[in-house]
Colleague: 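I am attaching a structure below and will ask some questions about it afterwards.
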Amino acid sequence: AHEETVELAQRALGLLAQESHDAERARSEMQLQLLIASAQIALLGYGSGEVEAAYLAAERAGHRLADAAHALRIRLGLEACFVMRGDLVRAAELARTAVATTSWDDDMRLALQSRWALANVQFHQGDWRSALAGFDECQSGVSRLPIRLEDRDEPVELVELGREVLHVSRQDMDLPV
């Protein structure tokens, strides 16, 4: 099904290219590129060049829109792509920018996703103290999210997983558990 998704989305992009350049076309192009990225993740893995290309194309299309939240979500997709490739320098840069441009007051979910992304990069870079502080901040943010248990999504579950992994690290660093 993922191969067909990529094929159909690419055909739709071809048809869309015949339309005039306006906000609706930009939004459709961005959404189709994100659909392609999602399908390519399933087919080739998060770190594939095809996933990066789809995210970059979605970002280019989205630049024509005044939707900062979509732009940030695309950048976080790229950040995850770079983490999977082991390009932690680029991933950290994107995550730090995401954290700097989000606040808990404006959009709690984006703030959580941004902070989790940075803590995850720090974890993979071996910066345990910063990662632990970041996961703690995420855990605090999770407790303020107005969600039901059945609505939980990946960032919330990953925060909890990160905290479990770092629980042992706290003991190893003689930090309070």
Side-chain angles (χ1 to χ4, degrees), residues 1-95 97-99 101-102 107-121 123-125 135 138 142 145 147-162 164-165:
H2 299 296
E3 291 168 347
E4 290 85 6
T5 299
V6 171
E7 182 182 320
L8 290 172
Q10 289 173 337
R11 284 178 37 200
L13 285 168
L15 294 171
L16 197 58
Q18 299 170 16
E19 299 295 319
S20 62
H21 292 277
D22 61 9
E24 186 58 36
R25 174 184 166 175
R27 183 172 313 285
S28 295
E29 185 177 340
M30 180 184 69
Q31 290 171 339
L32 286 166
Q33 290 294 352
L34 290 173
L35 180 63
I36 290 171
S38 177
Q40 295 289 28
I41 289 166
L43 288 168
L44 304 171
Y46 228 121
S48 75
E50 290 84 346
V51 170
E52 179 183 6
Y55 274 124
L56 289 172
E59 185 176 46
R60 281 190 304 275
H63 275 303
R64 293 174 244 156
L65 304 171
D67 190 343
H70 271 98
L72 184 58
R73 286 185 181 96
I74 292 167
R75 302 296 287 171
L76 289 171
L78 280 169
E79 175 272 336
C81 181
F82 295 143
V83 167
M84 291 300 141
R85 284 191 191 158
D87 189 347
L88 300 178
V89 172
R90 287 170 71 186
E93 179 183 315
L94 288 169
T97 300
V99 168
T101 59
T102 59
D107 188 327
M108 292 180 78
R109 286 186 182 270
L110 276 180
L112 175 61
Q113 288 175 309
S114 299
R115 281 148 184 81
W116 184 90
L118 181 57
N120 182 51
V121 172
F123 174 83
H124 289 289
Q125 289 176 322
F135 285 128
C138 290
V142 166
L145 279 174
I147 59 174
R148 300 183 319 252
L149 202 53
E150 61 270 15
D151 291 338
R152 292 165 46 133
D153 59 2
E154 181 178 315
V156 175
E157 293 165 6
L158 291 174
V159 166
E160 292 172 2
L161 175 63
E164 289 172 20
V165 167

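Index from 1, following the sequence. Note that the structure is a prediction, hence the values are computed from the model and not measured.
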Colleague: Tell me which donor-acceptor pairs under 3.5 Å the side chains of residues 47-57 have, and how far apart each pair is, sequence neighbours excluded?
Modeller:
residue	atom	partner	partner atom	Å
S48	OG	G45	O	3.4
S48	OG	V51	N	3.2
E52	OE1	R85	NH1	2.6
E52	OE1	R85	NH2	2.7
E52	OE2	R90	NH2	3.4
Y55	OH	Y46	OH	3.4

Colleague: Who pairs with V83 by side-chain contact (heavy atoms from CB on, under 4.5 Å), at least two apart in sequence or on another chain?
Modeller: E79, L88, A91, N120, V121, H124
Colleague: Step by step, would you call R75 with T97 a side chain to side chain contact (heavy atoms under 4.5 Å, CB included)?
Modeller: CA-CA 9 Å; R75 302 296 287 171; T97 300; over 6 Å; no
Colleague: With rounding to the nearest 0.5 Å, note down the distance linking CD in Q33 to CD1 in I74.
Modeller: 9.5 Å
Colleague: Which residues pass the side-chain contact (heavy atoms from CB on, under 4.5 Å) test with A69, not counting sequence neighbours?
Modeller: D67, R73, L110
Colleague: Which donor-acceptor pairs under 3.5 Å do the side chains of residues 16-23 make with protein atoms, sequence neighbours left out?
Modeller:
residue	atom	partner	partner atom	Å
H21	ND1	R25	NH1	3.4
H21	NE2	R25	NH1	3.3
D22	OD1	E24	N	3.3
D22	OD1	R25	N	2.8

Colleague: Near Q125 CD, under 6.0 Å, is it more than 12 heavy atoms from other residues, nucleotides or ligands?
Modeller: yes
Colleague: I need the minimum non-hydrogen distance between A117 and A95, along with the two atoms involved.
Modeller: C-CB, 4.0 Å
Colleague: With Q113, which of V99, L118, L76 fulfils side chain to side chain contact (heavy atoms under 4.5 Å, CB included)?
Modeller: L76
Colleague: Taking side-chain contact (heavy atoms from CB on, under 4.5 Å) as the test, write out the residues that go with A39, two or more places apart.
Modeller: H2, T5, V6
Colleague: According to side-chain hydrogen bond (donor to acceptor under 3.5 Å, both in side chains), who are the partners of T102, at least two apart in sequence or on a separate chain?
Modeller: R115
Colleague: Donor-acceptor check, side chain of E4 to backbone of A1, threshold 3.5 angstrom: yes or no?
Modeller: yes
Colleague: Nearest 0.5 Å please: distance from the CD atom of Q40 over to the CG atom of L43.
Modeller: 5.5 Å
Colleague: State, yes or no, whether a side-chain contact exists between I36 and L13 at a heavy-atom distance under 4.5 Å.
Modeller: yes
